[in-house]
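Reading through the structure tokens given below for one structure.
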Amino acid sequence: MTKKYADVIIDISHEALDKVFQYRVPFSLREEIRPGVRVQIPFGKGNQVREGYVISLSETADYPEELIKEILALSPKSVAMESQMIRLAAFLKDRYGSSMYQALKTVMPVKKTVAKKKKTDVILRLSVPEAEELLKLWEKRNYRVRSRFLAALLQNPEHTLSGDELKKIGSISQKDLKKMEEKGIITLQSRIQYRNPFSALQKKEERVPLNRDQSAILEEFTRDYEAGERKTYLLHGVTGSGKTEVYMALIEVVLGLGKQAIVLIPEISLTFQTVRRFYERFGEQVAVIHSRMSQGEKSDSYMRIEQGEANIVIGPRSALFAPTRNLGLIVIDEEHDGAYKSDSAPKYHARETAIFRAGMAGASVVLGSATPSMESYTRAQQGEYTLWTLKKRGGDAVLPKVSIVDLKEEFHQGNRSMFSAGLRTKIQERLERKEQIMLFLNRRGFAGFVSCRACGTVIKCPHCDISLTYHRDGTLRCHYCGFSRPYSRECPVCRQPHVAAFGLGTEKVEAALEEEFPGVRVLRMDMDTTRRKHSHQKMLEAFGGGQADILLGTQMIVKGHDYENVTLVGILAADLSLHSHDFRSGERTFQLLCQAAGRAGRGRKQGEVVIQTYSPDHYAIQAAADQDYNRFYEEEAAYRKMLRYPPWSHMLVILVQSGEESQSALAVQRIQKMIMQSQSGSQNPVSVLNPGQASLAKLKDTYRQVIYLKHVEAERLLDLKDRLQAVIDTHPLFAGVSVQYDFDPMNSY
Ligand code: ADP
Ligand code: ZN
């Protein structure tokens with residue numbers, strides 16, 4: 001890297017990240033200067049020497065040459081963590097496409113100084129005889145308040161009063177305390193009270209001994225780690241196989257070597273039980289980052305992490321950027337989860353970003369899942385990650401019995417209810433036996449995949465093997481290639497007038513349950529009922545405490561909750577995710593079904609799972625019913641390879657938005673032309689799926705168009721992205737147009 005100019009920031013606090021200054025790189029330093037290095041620079045009128053971080057480099061100057069000063073030297077006191085975070089930002093910017101400012105804002109912790117809850121301790125400074133003498137004097141002079149205060153101080157162990165105790169004595173003023181301190185009678189010592197939302201939890205000493213398979217993993221990890229080998233491991237273990245126990249054991253190894261660990265979980269409010277277990281095991285060493293935390297709570301956690309008081313960080317995707325100075329391990333639980341992909345620029349994936357950060361910090365990475373992503377499992381197959389497998393459930397619990405119900409059959413037998421005859425009977429049985437039930441309704445696909453109720457045919461795009469989506473203007477559209485056709489009720493296969501867009505809400509299901517099972521106690525958990533802080537947790541606890549017979553919900557009920565008394569899990573319409581309009585829908589369906597099924601029979605009683613579906617023969621559904629990951633993987637891999645979908649290629653989505661419909665269309669055409677020109681003559685060109693309207697074609701009065709690009713080599717797409725961006729930055733056609741990138745998208749547009 002030998003660029004001539006460097007952008008430097010002086011202050012890495014969140015509020016100042018946009019204050020960027022350009023400097024010339026002296027010839028002698030061209031080899032060494034790269035994003036993240038700390039440099040000495042002349043600053044301001046007097047050219048005083050300041051320190052700053054290089055965030056990016058360029059070939060051309062943004063200002064007249066004579067106004068640009070030169071970097072003086074590399075700074076001797078380079079701070080590893082800050083440098084690494086800036087390099088991480090540069091990685092996010094290059095790979096996922098964003099401005100450097102957006103990337104820096106993503107990785108740099110908010111250091112808002114929020115007023116801390118301070119508590120003051122009062123400590124006696126006089127000797128006991130001196131204090132007793134003073135007390136006598138004060139009593140004689142009738143200083144009642146002060147006497148009471150001093151007497152309390154003398155009586156207390158260690159002659160100390162905490163803030164709370166002080167309050168109980170009452171009426172002694174801060175001014176009096178200050179005066180006493182000045183006279184040398186007492187010392188006031190303020191102590192920062194860290195806010196910790198989990199502080200009520202008690203640390204527990206007992207722990208389960210690891211089984212043979214778990215121990216083998218621990219041994220391998222320890223051996224690698226002590227030999228200085230830092231790897232990425234993929235822990236594939238069925239639900240309940242004891243992955244969390246393994247994570248905790250591995251963390252103990254790393255902590256024992258004086259290092260810190262970051263544990264990512266998809267969403268804290270949904271995985272409260274996991275957080276609780278970490279807390280019970282590691283106590284105050286745990287710092288929790290939470291999306292619904294207050295600023296104060298967050299900055300406290302960051303402070304404890306940075307100062308090394310907390311050595312384990314648990315949180316959602318953004319916890320990856322916790323300011324650990326001594327990172328030794330990153331664990332990503334449920335690594336397949338879509339929540340690990342950011343949905344605003346830079347649209348980074350936590351898995352790849354974690355591996356990059358771990359690489360810089362010299363840390364290992366452990367990815368865990370019952371249903372690993374196609375990406376990770378493929379990399380493990382190719383030897384890039386080390387694969388660990390846990391096949392059995394940890395304790396005594398056995399895997400549940402799963403049955404598939406064909407909803408087309410039910411339809412033909414005249415059953416128009418949401419519950420198949422089989423599911424209804426099983427619900428009835430559980431209600432009689434006072435056992436509990438979880439009913440799961442997939443929320444995805446609400447945009448409306450379209451299918452025939454009579455024969456189950458899904459109306460697909462003739463070019464993409466992707467289901468069409470119903471649009472309110474009466475058309476069916478493909479969101480990959482832009483194909484569209486008018487909507488008709490007539491099924492192209494069975495010719496019956498039963499084609500309809502699928503839509504089923506939790507409220508409707510709740511009403512149906514109350515009608516079909518009079519007196520049933522239903523707890524409905526969805527976006528509407530869980531909006532408030534802690535409401536998830538409260539509802540789950542209520543269900544765990546037996547306050548409802550049925551827990552009905554969306555995605556959010558399938559994650560990591562153990563209920564002894566749940567013996568039936570019903571999935572009302574497995575297809576809702578199967579035919580959503582993107583290539584990951586089979587994978588997503590398989591993952592959701594496995595997770596949902598994993599909720600049944602977590603205790604001693606045998607669990608049962610009923611999967612209702614219009615596609616009983618689909619491999620994702622059958623493999624989920626058998627809890628057969630390998631079968632799913634093989635089928636899905638064949639499909640992805642054939643159509644060259646990730647991980648057998650990389651994808652780049654270019655999202656073009658403008659308030660003017662014509663402008664966004666023109667911009668897209670221009671981009672497409674540039675792509676075509678850049679690829680002409682190439683042996684192995686980037687494939688461009690025709691541009692079209694996004695499925696959300698208009699959002700908040702902006703018009704959205706998308707282009708999908710595919711290529712086997714990531715570099716080719718990233719290079720193309722950079723070249724496009726260079727034009728977009730300068731060409732007048734793109735004024736007022738926003739262009740965003742999504743590299744290896746998890747969702748369709
Ligand atoms: P996962 O994270 O794979 O879902 P967990 O670590 O939550 O699995 O374990 C599931 C249950 O099995 C927990 O209640 C856990 O305490 C128990 N468990 C895990 N490992 C063992 C073991 N070696 N012996 C006994 N019980 C275990
Ligand atoms: Zn298509």
Side-chain angles (χ1 to χ4, degrees), residues 58 92-103 341-348 461 463-464 466 477-484 581-583 644-646 649-749:
S58 56
L92 294 184
K93 164 184 167 282
D94 290 343
R95 190 161 185 98
Y96 299 103
S98 74
S99 68
M100 189 62 186
Y101 175 60
Q102 286 169 319
K341 185 86 156 76
S342 164
D343 44 21
S344 57
K347 296 183 176 174
Y348 68 92
C461 170
H463 311 295
C464 302
I466 292 291
R477 291 203 193 138
C478 170
H479 293 142
Y480 277 9
C481 75
F483 170 85
S484 104
H581 44 260
D582 80 66
F583 71 90
R644 288 217 294 150
Y645 283 130
S649 75
H650 290 280
M651 251 187 167
L652 180 70
V653 181
I654 306 176
L655 175 66
V656 179
Q657 303 183 89
S658 168
E660 294 287 330
E661 195 167 11
S662 57
Q663 210 178 5
S664 68
L666 275 176
V668 157
Q669 281 165 20
R670 178 71 201 203
I671 291 174
Q672 196 191 5
K673 211 166 125 197
M674 289 192 287
I675 295 170
M676 291 311 180
Q677 279 166 356
S678 75
Q679 300 302 305
S680 73
S682 164
Q683 289 287 315
N684 183 9
V686 166
S687 46
V688 186
L689 308 182
N690 286 330
Q693 279 185 351
S695 63
L696 257 174
K698 189 179 176 192
L699 180 68
K700 294 180 186 154
D701 288 325
T702 56
Y703 294 87
R704 296 150 55 92
Q705 303 253 350
V706 279
I707 304 178
Y708 281 85
L709 304 176
K710 269 199 297 192
H711 200 275
V712 185
E713 291 160 41
E715 281 310 313
R716 282 289 292 276
L717 294 173
L718 298 179
D719 187 54
L720 184 55
K721 164 174 75 66
D722 292 343
R723 277 192 281 161
L724 289 175
Q725 188 58 42
V727 177
I728 289 164
D729 282 341
T730 51
H731 199 289
L733 182 68
F734 294 96
V737 176
S738 137
V739 179
Q740 282 184 31
Y741 304 94
D742 192 350
F743 182 73
D744 284 348
M746 293 289 280
N747 290 307
S748 57
Y749 284 81

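For reference, positions follow the sequence shown, starting with 1.
Across every non-hydrogen atom of Phe734 and Ala667, the tightest pair is CE2-CB, 3.7 Å. Here the closest heavy-atom approach between residue Ser98 and residue Lys93 is recorded as O-CG, 3.4 Å. Contact record, Ala345 with Gly97: CB-O, 4.4 Å, taken as the closest heavy-atom pair. Across all their heavy atoms, Asp94 and Lys721 have their closest contact at O-NZ, 2.7 Å.
Within the model, atoms OH of Tyr741 and CG of Leu717 stand 12.0 Å from one another, a figure rounded to the nearest 0.5 Å. Between atom CE of residue Met674 and atom CD1 of residue Ile728 there is a gap of 5.0 Å, rounded to the nearest 0.5 Å. A distance of 12.0 Å separates CD in Gln663 from CD in Gln705, rounded to the nearest 0.5 Å. The structure places CD1 of Ile671 at 11.0 Å from CG of Leu666, a figure rounded to the nearest 0.5 Å. Expressed to the nearest 0.5 Å, how far OH of Tyr348 lies from CG of Leu92 amounts to 7.5 Å. Of the inter-residue distances, the one linking Met746 atom CE with Asp744 atom CG reads 10.0 Å to the nearest 0.5 angstrom.
Side-chain contact between Lys673 and Gln669 is absent, with no heavy atoms from C-beta onward closer than 4.5 Å. With a 4.5 Å cut-off on side-chain heavy atoms, Arg716 and His650 do not count as touching.
Of the possible polar contacts, one joining the His711 side chain to the Asn684 backbone as a donor-acceptor pair under 3.5 Å is found. When atom types are taken as modelled, the side chain of Gln679 and the backbone of Val686 share a donor-acceptor pair closer than 3.5 angstrom.
The salt bridge (Lys or Arg N to Asp or Glu O under 4.0 Å) search around Asp719 returns Arg723, not counting sequence neighbours. The salt bridge (Lys or Arg N to Asp or Glu O under 4.0 Å) test applied to Lys341 returns Asp742, not counting sequence neighbours.
Ring pair Tyr96/Phe743 is perpendicular by interplanar angle, where above 60° counts as perpendicular and below 30° as parallel.
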Could you give me the CA-CA distance, side-chain angles and deciding distance for Leu709 and Ile654, then say whether side chain to side chain contact (heavy atoms under 4.5 Å, CB included) is met?
CA-CA 8 Å; Leu709 304 176; Ile654 306 176; 3.9 Å; yes
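For Glu715, the CD atom sits in a loose shell: 12 or fewer heavy atoms of surrounding residues, nucleotides or ligands are nearer than 6.0 Å.
In this structure, Lys710 is positioned above the aromatic face of Tyr645, its NZ or CZ under 6.0 Å from the six-membered ring centre and within 45° of the axis.
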